[in-house]
Amino acid sequence: MAFPITAFLFISLLISTTHASESCKTSELSSDGLELSVLHMYGKCSPFSPPKHESWLDTVLNMAEKDPNRVNYLLTQKTVTAAPIASGQVLNIGNYIVRAKLGTPGQLMYMVMDTSNDAVWVPCSGCTGCSSTVFNPSLSTSFGSLDCKTTQCTQVRGLSCPTAAEASPCQFNQTYGGVDSSFSATLSQDSLNLGGVGVLSNLSFGCINSVSGHSVPPQGLLGLGRGSMSLVSQLQSLYSGVFSYCLPSFKSYYFSGSLKLGLSGQPKNIRTTPLLRNPRRPSLYYVNLTGISVGKVLVPVAPGLLDFDTTTGAGTIIDSGTVITRFKAPLYTALRDEFRKQVGKDISSLGAFDTCFLATNEDQFPVITLHFTGMDLKLPTENTLIHSSSGSLACLAMAAASSNAYSVLNVIANLQQQNFRILFDLTNSRLGISREICN
């Protein structure tokens, strides 16, 4: 039978105040690597506030309900000869941010961390349509614009360089997030300071000077994708294409995890699976998902739902910007139905979640296990269910991808990654996962 859900409009993602006296975590430098704080966009250490007049539940539901826009963006990341400086992604729901100092002296920016984007960019002073916090190039002694003849300029899309022989700034215009949104930018270079230490003296990034629409992260984007203009690629000589992150649970008061660059401090004994490169969507981090278990039952999977296909771009990716894991609709339905069967309770829905039920602290729930080549990932309850603050309502924190013809991706999202160390080793084409309390 159905049950009322209005009494449960506060889920356990509400922030605990147990650690209110603690200070926000700062970045630390090691001998051969760097650790940065990773903050949730609306955490207590973030300068951004949740939308006004929204409960925390509403905020989370709204983020999850915008996931289809995110997945549609991922599906547009097809083979290109150049990486965009700003993408077509709807980014105003950026979930995790890091502190970065750009320029000399460094200007503090809180930038969205995105593993599926090849760009680094910030709004610059004088920008129309941007937030009030912008990077001011005139205050940096190391800032410079790049001209049309530079190699970097050939690696951006949408540029409009003159045919004349004289050098001209690499300026470009693009639309994004729909036909009603656009931006203009200048490809620029400056020093990037992470943790207060000069790490990269010549970071190439987009200096945004005008924006229309509402899809721009307030203070910029730190792309960790696989393209030549991403932060990972530009730091290749320093950190050998190795980075990891640990995303904090939504329950954390400070929402502070960490991003580690380089080999130092990475887990030594970690289970790994091959990182796959799909030429159809070369920016994305593909892995080979071979099956899903609910409890002791291996979910039956129709042929093709888990296939890695370089022609269509199909497969499974790890993504930091999607909130809840999205599977192709038939795969999700099989998973959901087996989960409902084992839970054995009356089902209701709430927002993006179609499998909610009354639960008590004594209830035992089936463990969902994701099977990858060479590695199994057992998801703790906190990575599987979202609970009400009273613990009485629980929802399966997964959903089906859009059922259009282009839905060829399964996306392992950030809620399922929380309190795990996710290691990307691009040099050896491996992805590692180990349990870690990130908060």
Side-chain angles (χ1 to χ4, degrees), residues 60-78 87-95 114-117 177-178 215 225 276 278 280-294 299-340 347 349-356 368-372 377 379 383-386 395-418 431:
V60 173
L61 288 177
N62 286 338
M63 289 191 298
E65 287 175 348
K66 292 177 181 178
D67 273 354
N69 291 332
R70 169 75 180 187
V71 177
N72 287 337
Y73 157 73
L74 297 174
L75 290 168
T76 67
Q77 299 307 286
K78 300 178 181 179
S87 71
Q89 179 187 8
V90 178
L91 282 168
N92 59 326
I93 57 168
N95 303 138
D114 188 350
T115 56
S116 297
N117 198 291
S215 300
L276 308 178
N278 197 318
R280 180 72 173 175
R281 296 185 176 90
S283 299
L284 308 183
Y285 292 103
Y286 281 80
V287 289
N288 190 30
L289 180 66
T290 60
I292 304 172
S293 293
V294 178
V299 175
V301 177
L305 292 179
L306 296 177
D307 287 356
F308 175 76
D309 192 319
T310 58
T311 301
T312 64
T316 300
I317 68 166
I318 299 286
D319 179 52
S320 66
T322 308
V323 178
I324 60 175
T325 288
R326 302 269 171 166
F327 292 116
K328 297 175 189 177
L331 177 57
Y332 172 71
T333 299
L335 162 66
R336 178 200 65 190
D337 290 351
E338 179 61 35
F339 186 83
R340 288 178 175 180
I347 301 299
S349 61
L350 178 63
F353 309 111
D354 68 359
T355 302
C356 301
I368 293 179
T369 303
L370 305 180
H371 303 287
F372 301 96
L377 175 60
L379 296 175
N383 298 82
T384 304
L385 300 176
I386 290 178
C395 297
L396 178 63
M398 298 178 183
S402 301
S403 56
N404 60 55
Y406 300 101
S407 296
V408 296
L409 287 178
N410 300 306
V411 182
I412 310 301
N414 62 48
L415 195 148
Q416 279 63 50
Q417 298 176 50
Q418 291 174 4
L431 180 127

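The backbone N or O of Asn383 sits nowhere less than 3.5 Å from a side-chain atom of Gln418 that would complete a donor-acceptor pair. When atom types are taken as modelled, the side chain of Thr115 and the backbone of Ser320 share a donor-acceptor pair closer than 3.5 angstrom. Although no hydrogens or angles enter the test, the distance criterion places no donor-acceptor pair under 3.5 Å between the side chain of Asp354 and the main chain of Ser349. A distance-only check finds a donor-acceptor pair linking the side chain of Thr290 to the backbone of His371 [under 3.5 Å]. At least one donor-acceptor pair under 3.5 Å links the side chain of Asn414 to the backbone N or O of Thr322. Checking side-chain atoms of Asn117 against main-chain N and O of Gly225 turns up no donor-acceptor pair under 3.5 Å. The closest donor-acceptor contact from the side chain of Glu338 to the backbone of Ser293 lies at 3.5 Å or more, if one exists at all. Distance alone, capped at 3.5 Å, is enough to place a donor-acceptor pair between the Thr325 side chain and the Ala413 backbone.
Here the OG1 atom belonging to Thr316 is positioned 9.5 Å from the CG atom belonging to Leu276, to the nearest 0.5 angstrom. Rounding to the nearest 0.5 Å gives a distance of 14.5 Å between CG of Asn278 and OH of Tyr285. A distance of 9.5 Å separates CG of Asp319 from CG of Leu409, quoted to the nearest 0.5 Å. Rounding to the nearest 0.5 Å gives a distance of 12.0 Å between CD1 of Ile412 and CD1 of Ile324. Separation of atoms CD1 (Ile368) and CG (Leu335) is listed at 5.0 Å; rounding is to 0.5 Å. The structure places CD1 of Ile317 at 9.0 Å from CZ of Arg281, a figure rounded to the nearest 0.5 Å.
Summarising the geometry of Ala401 relative to Ala329, their closest heavy-atom pair is O-CB, 4.3 Å, with the distance given to 0.1 Å. Minimum heavy-atom separation, Ala352 to Ala399: O-CB, 4.1 Å. Taking all atoms of both residues into account, the shortest heavy-atom contact from Phe353 to Leu396 is CD2-O, 3.4 Å.
When side chains are defined from C-beta on, Val299 does not count as touching Phe327, because their heavy atoms never get closer than 4.5 Å. Annotation: side chain of Leu431 is not in contact with side chain of Phe372 (no heavy-atom distance under 4.5 Å). Counting heavy atoms from C-beta on, the side chains of Thr310 and Tyr286 never come closer than 4.5 Å. Looking at heavy atoms from C-beta onward, Arg280 lies out of side-chain contact with Thr311 at the 4.5 angstrom threshold.
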